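In listed order, ligands and their atoms are each counted from 1. Since this is a predicted model, take the numbers as computed values, not measurements.
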Amino acid sequence: MRLKNLTDLFLYELRTMHDAENQLLKALPQMTDAARDAGLKKAFETHLQETAHHVSRIGEIFDILGLDKKGEPCKAIAGLIAESREMIRDAGDDRAINAALIASAQKIEHYEIASYGTLIALARELGYDNAVVILKQTIEEEKTADEKLTALAEGGINHEALKKAA
Ligand code: ZN
Ligand code: FE
């Protein structure tokens with residue numbers, strides 16, 4: 001896709017996030033299964049429900065702007081998901097698996113926060129006020145998910161992994 005202007009860039013980023021969120025709808029149940037901690041499983045389950053909303057909110061923006069609901073393959077999220085799978089496969093004990101899952105989930109959340117931050121800035125610039133409101137709801141949920149993962153990591157999972165390794 002050739003980027004002639006900011007409108008094209010907004011559309012490109014929106015389509016990329018549409019694909020990214022759809023990839024996460026498939027990856028999160030696998031991450032939930034892989035988790036060896038009830039709190040972590042719960043966090044992934046909650047974020048799966050939120051992710052379904054993220055997909056439909058992007059759909060709403062396509063509708064508002066009269067655009068096709070078309071995805072643009074998100075290679076970055078595909079890479080982060082692939083890396084996560086490799087880490088879990090190579091991790092031996094349960095605590096290392098939990099810590100690896102948190103690490104990769106936080107990389108994913110940070111990617112999403114950066115992407116939605118860009119989309120919000122572009123939407124503001126382009127005067128897409130309705131899109132700004134919708135995108136802000138999503139970025140807040142991504143930030144909360146990230147904070148929850150930090151709390152889970154600091155609340156014992158990483159600590160336990162370190163203790164066991166020592
Ligand atoms: Zn999301
Ligand atoms: Fe997310």
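- Restricting His54 to its N, O or S atoms, the one at the least distance from the Zn ion (ligand 1) is ND1.
- Between the side chains of Glu142 and His54, at least one donor N or O lies within less than 3.5 Å of an accepting N or O.
- In terms of distance to the Zn ion (ligand 1), the nearest N, O or S atom of Glu142 is named OE2.
- For the residue pair His53/Glu50, the side-chain donor-acceptor check at 3.5 Å is not satisfied.
- For Glu142, the N, O or S atom with the smallest separation from the Fe ion (ligand 2) is OE1.
- Taking 2.8 Å as the criterion, His47 counts as a coordinating residue of the Fe ion (ligand 2), since one of its N, O or S atoms falls below it.
- Side-chain contact annotation: Ser104 with Glu83, donor-acceptor N/O pair under 3.5 Å absent.
- Distance check for Glu109 against the Fe ion (ligand 2): an N/O/S atom falls below 2.8 Å.
- For the Zn ion (ligand 1), the N/O/S atoms of Glu50 include none lying under 2.8 Å.
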- Message: Show, in sequence, the C-alpha distance, side-chain angles and deciding distance for Gln106 and Asp146, and conclude whether the side chain to side chain contact (heavy atoms under 4.5 Å, CB included) test is met.
- Response: CA-CA 6 Å; Gln106 287 199 287; Asp146 179 53; 2.9 Å; yes
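- With respect to Arg36 and Asp93, no salt bridge is recorded, no charged nitrogen being found less than 4.0 Å from a carboxylate O.
- A salt bridge links Glu141 and Arg57; the closest N-O separation between the charged side-chain nitrogens and carboxylate oxygens is under 4.0 Å.
- Looking at Glu112, its N, O or S atom nearest to the Zn ion (ligand 1) turns out to be OE2.
- Because the distance cut-off is set at 2.8 Å, Glu112 qualifies as a neighbour of the Fe ion (ligand 2) through one of its N, O or S atoms.
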